[in-house]
Amino acid sequence: MSGEHAGEASEEFAVAAAHTPGVRAAIARAKLEWEGTVDALPDLICLLDDSGQVLRVNRVCERWNLGSIPEVLGRGLHDVLHANCSADSCELEESLRTGWLSLQGGGPAEFELRDAMLERALHVTLRRMTPGPASTTTEPLAVAVVADVTALHLAREALSTINQELESRVRMRTDALGDANRDLQNEIVRREAAEQALRRSRNELATLSRQLITAQEMERKRIARELHDSVGQQLSAIKYGLERGAALVQQARPHDSQPILQRAIASLQDAMEEIRGIAMNLRPAVLDDLGAASAVSWFCREFAQSYPGLTLREAVAVVDADIPERLSTSVFRSLQELLNNVAKHAQARQVVVSLARSADQLVLEVTDDGVGLEASVSSASMRSGRGMRNLRERAEMTGGQMRLQPGAAGVGTQARIEWQLGPGEARKTA
Ligand SMILES: Nc1ncnc2c1ncn2[C@@H]1O[C@H](COP(=O)(O)OP(=O)(O)O)[C@@H](O)[C@H]1O
Ligand SMILES: [Mg+2]
Ligand SMILES: [Zn+2]
């Protein structure tokens with residue numbers, strides 16, 4: 001087998017040297033050493049002649065199952081590597097041909113490919129050998145080194161897969177962080193808005209409680225003035241009358257005391273009426289103790305007694321439990337304002353108060369047969385009170401709506417307030 005591996009010596013030298021046994025032995029030793037070295041390499045190494053056929057090959061061809069060394073010799077490199085290649089266009093064949101051509105131009109050729117037939121990744125280097133001075137046609141022209149780089153390819157692929165995985169994980173993590181960041185920003189905006197709303201409602205609350213205190217003070221002043229102006233003066237007159245009467249009795253003139261005492265009694269009657277009127281317009285205990293329906297009936301009775309010239313018809317078709325607690329003050333105050341307006345402005349002979357509820361509405365109606373809104377407003381000449389405005393605002397704040405219109409047949413005034421009831425305010429059993 002050693003004959004297949006070539007020494008570097010020229011033929012001339014080989015012929016001359018072969019005469020000396022020492023030289024011959026040295027050449028044989030060198031050949032063996034060269035073979036041992038080349039066979040130990042992991043790559044397939046072939047020496048090719050000028051037509052591209054294999055002149056020498058190392059034992060790697062056996063390890064790669066390409067055939068024994070004699071079987072390989074004399075064949076082209078493609079034929080060696082692809083023993084049964086029938087592909088129309090074989091990539092290896094193409095690359096070898098291109099490599100061989102560029103070798104003719106002098107330069108080395110190098111390429112790498114994945115070979116399906118061999119199931120290996122190959123790295124092929126073709127290098128031209130410098131011809132010796134007495135070059136013959138059997139001299140090798142080129143050396144081909146075919147390296148199996150499958151492991152390298154697999155490692156590269158694994159690395160690229162790992163890189164892709166890493167990149168996609170980084171992308172996912174970045175996305176998640178972005179989402180979290182957006183959520184956080186939204187939360188910050190939401191909290192800031194909530195804080196602002198809180199601050200606003202605190203301010204509103206402060207304003208409201210200031211207004212409440214002012215309103216309370218005004219109400220107290222009004223009551224004090226009313227007591228002083230009406231009842232206070234009447235009580236002074238009564239005291240004077242009683243003192244005069246007592247003096248006349250002491251002077252044994254009881255007959256003269258009679259008209260004076262009668263006047264005092266009448267004044268006392270007036271003062272009692274006055275006090276009843278004032279008390280009626282304050283918050284009655286019945287509103288808290290019994291409820292709005294009872295308070296409405298009570299107010300109608302008091303009103304009828306205070307204004308005997310006005311006939312009041314009461315049509316209260318609800319019981320206390322029908323009116324949600326949140327509405328009881330509104331219902332009572334509205335009735336007060338509407339009836340007082342009738343007494344003050346309408347010049348009516350009759351007034352009808354009706355309070356009724358359906359599944360989702362509570363309705364208060366006060367209808368008089370007086371002069372009507374238009375007539376009274378024009379004669380009142382721009383003296384617009386706060387009463388109606390308060391009523392409207394109060395209704396709107398409690399989910400209600402007020403409508404004013406002429407009464408039946410266009411006579412008088414009808415005020416109607418409708419409160420919308422919530423689903424939790426269904427009729428309770430009384
Ligand atoms: N039932 C009514 N009939 C006729 N006019 C009315 C009636 N109710 C209210 N008005 C007119 O509407 C105006 C506004 O009423 P309101 O706001 O309660 O103020 P005030 O009672 O203090 O005058 C009254 O001044 C009056 O001219
Ligand atoms: Mg009024
Ligand atoms: Zn092929």
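In listed order, ligands and their atoms are each counted from 1.
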- Message: Does the plane of the ring in F303 sit parallel, tilted or perpendicular to the ring in Y307? Use 30° and 60° as the thresholds.
- Response: tilted
- Item | Test item, G372 contacting ligand 1 (heavy atom, 4.0 angstrom) | yes
- Query: How many degrees, to 10°, between C90 SG and H82 ND1 as seen from the Zn ion (ligand 3)?
  - Reply: 100°
- Given that the side chain starts at C-beta and the backbone is N, CA, C, O, which of these parts of L338 lies under 4.0 Å from ligand 1, counting heavy atoms, or is it both or neither? neither
Is the shortest side-chain N to carboxylate O distance from [X] to [Y] below 4.0 Å?
| X | Y | result |
| --- | --- | --- |
| R394 | E337 | no |
| K239 | E243 | yes |
| R389 | E393 | no |

- Donor-acceptor pair, R326 side chain versus T398 backbone, under 3.5 Å? yes
- Message: Among the N/O/S atoms of E337, which is closest to the Mg ion (ligand 2)? Give the atom name.
- Response: OE2
- Item | Option set M388, H345, Q347, E374, criterion heavy-atom distance to atom 20 (P) of ligand 1, minimum | H345
- Item | Heteroatom N/O/S of M388 within less than 2.8 Å of the Mg ion (ligand 2) | no
- Could you tell me which non-hydrogen atom of E110 sits nearest to which non-hydrogen atom of H123, and how far apart they are? OE2-NE2, 2.8 Å
- Test of proximity, R389 against ligand 1: N or O pairs below 3.5 Å: no
- Task: Just give me the atom name: the N, O or S atom of H78 closest to the Zn ion (ligand 3).
- Result: NE2
